[in-house]
Amino acid sequence: MYDPTIFENLKVAFENHIYDLDNIDEKITIINRVDRMDFAILSREFAIRFTLVNQPDVTAEIVLQASVKELAGEILEVPGENLGSTLSVRFIKTVQNPAIECQQIENTLNTIWETDIHLTQTLSFVHGQQASGYLNSIVMTFNSKINEKHMTDIADLLTHVLKSLEVLKNI
């Protein structure tokens, strides 16, 4: 009998919660979804991007990844392995004054989220176009892998994402 991987179980759990926030609670609008199998390195990636309803200026994206090591270790039932998936949350927004706003973003997100994250901000702009600010890609990667034991934490995690979107739109 087919036994879904940790990645598959987490993907379905995230989809259920996020689609409920869109279709039932009407708090968010889903704007993109990716379910990718990379055959070159045999990895999986699931990403779903959304905004708060009527707030398109700041987006959030939940990214779940599993490498061949995690997938094979689970399928082959390798004992003693710390198996799971990598979880990242990405926010994208425009900033006008990076020196001030990026520090505000870092301070704000560090107060909302646990300390078990790695936060990076990458600024970009399109050369040759009139700059109306910098596009800031804010990536929070959780330092520990997640597995089915973390399924009960998904609702709380999404509450933190929604709170982060609310705060980021005001920076």
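In this chain, numbering begins with 1 at the start of the sequence shown. Please read all numbers here as calculations on a predicted model, not as lab measurements.
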How far does [atom1] of [X] sit from [atom2] of [Y], to the nearest 0.5 angstrom?
X      : Y      : atom1 : atom2 : answer
Ile138 : Ile92  : CD1   : CD1   : 8.5 Å
Gln104 : Leu168 : CD    : CG    : 10.5 Å
Glu101 : Leu123 : CD    : CG    : 10.0 Å
Leu87  : Leu157 : CG    : CG    : 6.0 Å
Ser124 : Leu135 : OG    : CG    : 4.5 Å
Lys169 : Phe91  : NZ    : CZ    : 14.0 Å

[X] vs [Y] side-chain heavy atoms within contact, under 4.5 Å:
X      : Y     : value
Asn136 : Pro98 : no
Leu10  : Phe46 : no
Glu45  : Leu64 : no
Ile41  : Val68 : no
Leu42  : Asp38 : no
Val34  : Asn32 : yes

Closest approach of [X] to [Y] (non-hydrogen atoms, all atoms of both residues):
X      : Y      : value
Lys145 : Asn82  : NZ-O, 3.1 Å
Met151 : Ala13  : SD-CB, 3.5 Å
Glu26  : Asn23  : CG-O, 4.0 Å
Ala47  : Glu61  : CB-OE2, 3.6 Å
Asn54  : Pro56  : C-CD, 3.5 Å
Leu21  : Leu162 : CD2-CD1, 4.1 Å

Hey, any chance [X] and [Y] share a hydrophobic cluster, counting ILVMFWY side chains that come within less than 4.5 Å of each other, even indirectly?
X      : Y      : result
Ile146 : Leu119 : yes
Tyr19  : Ile28  : yes
Val78  : Phe7   : no
Ile48  : Val63  : no

[X] side chain vs [Y] backbone, donor-acceptor pair below 3.5 Å:
X      : Y      : result
Gln121 : Val139 : no
Asn147 : Lys149 : yes
Glu70  : Ser67  : yes
Glu74  : Ile6   : yes
Lys163 : Ile112 : no
Thr111 : Thr108 : yes

Item to check | Listed partners of Glu15 passing salt bridge (Lys or Arg N to Asp or Glu O under 4.0 Å), at least two apart | outcome: Arg33
Next on the checklist: Test of understanding: with salt bridge (Lys or Arg N to Asp or Glu O under 4.0 Å), list the residues that count as partners of Lys93, not counting sequence neighbours.
Outcome noted: none
Next on the checklist: More than 12 heavy atoms of other residues, nucleotides or ligands under 6.0 Å from NZ of Lys27: yes or no?
Outcome noted: no
Checklist entry - Just wondering, more than 12 heavy atoms not from Phe14 lying within 6.0 Å of its CZ? => result yes
Next on the checklist: Could you go through Ser137 and Arg90, starting from their C-alpha distance and side-chain angles, then the distance that decides it, and tell me whether this counts as side-chain contact (heavy atoms from CB on, under 4.5 Å)?
Outcome noted: CA-CA 7 Å; Ser137 176; Arg90 180 181 301 129; 3.7 Å; yes
Next on the checklist: Is it true that Glu166 and Asn170 share a donor-acceptor pair across their side chains at a distance under 3.5 Å?
Outcome noted: no
Item to check | Pair Asp57-Thr94, side-chain donor/acceptor within less than 3.5 Å | outcome: no
Item to check | SB check Asp35 Arg44 (cutoff 4.0 Å) | outcome: yes
Next on the checklist: side-chain contact (heavy atoms from CB on, under 4.5 Å) for Val58 and Leu52? Distances and angles first, verdict last.
Outcome noted: CA-CA 8 Å; Val58 183; Leu52 292 173; over 6 Å; no
Next on the checklist: In terms of relative ring orientation, are His160 and Trp113 parallel, tilted or perpendicular, with 30° and 60° separating the classes?
Outcome noted: tilted
